[in-house]
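The structure appears below as structure tokens.
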Amino acid sequence: MSIHIEAKEGQIAETILLPGDPLRAKYIAETYLENAEPYNHVRGMLGYTGTYKGKRISVQGTGMGIPSISIYVNELIRDYGVKNLIRVGTCGGIQKDIHVRDVVLAMSATTDSAINHLTFPNIDFAPTADFGLLHKAYSIGERMGTSMRVGSILSADAFYRDSMDLMKKLAGYGVLAVEMETTALYTLAAKYGVHALTILTVSDHVFTGEDTTSAEREKTFDEMIQIALTTAIQ
Ligand code: ADE
């Protein structure tokens with residue numbers, strides 16, 4: 001047991017999918033995993049372990065934002081020995097040629113959070129995806145014919161903001177999309193020498209206001225989960 005996860009030793013697989021929404025964790029477990037068993041209900045942050053095509057896989061909700069995902073990723077790695085962590089989430093597009101339902105593979109995650117300055121007071125650490133996982137996910141997505149983009153994203157501390165100036169500036173530097181967690185996932189994976197990747201579907205566009213219906217979101221979400229699960233078992 002850890003502070004926020006009630007699983008017993010050995011109940012969590014070495015490879016895990018990490019949706020922000022705990023009900024997505026339930027959906028993934030019930031839809032895709034065989035013999036899925038719940039291992040966590042603490043704070044409603046559901047976690048399950050089952051098998052996918054014969055390989056043991058877990059799926060754990062992380063909540064929204066850097067502080068929340070940091071708690072789960074720390075405990076999964078330190079207390080349960082998790083080695084491969086694949087975040088599956090949504091993001092807001094910030095480039096003109098990024099559209100809702102596109103899939104984004106996050107190569108690096110810039111942030112406006114001060115969290116890494118607590119660790120590295122005088123430098124800006126560059127949180128980066130694991131190349132092996134990134135390469136696998138890209139090849140799998142290509143074979144599936146998914147509309148995909150690979151590049152840098154922003155992990156923002158705030159969903160609602162007074163000004164769009166920073167977002168416009170980052171778009172000018174090629175940043176593809178904004179979400180709220182990956183910088184922490186990649187930094188912790190680097191710290192503990194494990195593998196991490198974030199796969200996102202574009203749910204909205206920050207500048208054009210382009211949006212998805214819930215039915216469209218479901219369909220793209222399923223495509224992303226298939227890429228993530230196939231990456232996880234290879
Ligand atoms: N996740 C999905 N859309 C987002 C947005 N517009 N900003 C931050 N996180 C998001």
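We number each residue from 1, following the sequence as shown. Just so we're clear, the structure is a prediction, and the values are computed from it rather than from any experiment. Counting starts at 1 for both ligands and their atoms, in listed order.
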Does L229 share a hydrophobic cluster with F221, counting links as ILVMFWY side-chain heavy atoms below 4.5 Å and allowing steps through other members? yes
Could you go step by step and tell me if E14 and V82 meet the side chain to side chain contact (heavy atoms under 4.5 Å, CB included) rule? CA-CA 4 Å; E14 275 199 352; V82 174; 6.0 Å; no
When you measure from atom 10 (C) of ligand 1 to every protein heavy atom, which one gives the shortest distance, and what is it? V178 O, 3.6 Å
Identity and distance of the protein heavy atom lying nearest atom 6 (N) of ligand 1: D204 OD2, 2.9 Å
What residue and atom, counting heavy atoms only, is the protein's closest point to atom 1 (N) of ligand 1, and at what distance? T90 O, 3.5 Å
Which heavy atom of the protein is the closest neighbour of atom 8 (C) of ligand 1, given with residue, atom name and distance? F159 CD1, 3.6 Å
Angle class for the F125/F120 ring planes (parallel below 30°, perpendicular above 60°, tilted otherwise)? parallel
Need the ligand 1 atom indices (1-based, order shown) with element for anything under 4.0 Å from a heavy-atom of M180. 8 (C), 9 (N)
Please report the C-alpha distance between M107 and I153 in whole Å, then the side-chain angles of each, then the deciding distance to 0.1 Å, and finally whether the side chain to side chain contact (heavy atoms under 4.5 Å, CB included) criterion is met. CA-CA 8 Å; M107 194 151 67; I153 60 162; over 6 Å; no
Would you check if M167 and R161 make a side-chain contact, meaning some heavy-atom pair closer than 4.5 Å? yes
Does ligand 1 have an atom that lies less than 4.0 angstrom from a heavy atom of S203? yes
Hey, does V206 come in under 3.5 Å of ligand 1, counting only N/O atoms on both sides? no
Flag the pair L76 / I12 as yes when at least one side-chain heavy-atom distance between them is below 4.5 Å, and no otherwise. yes
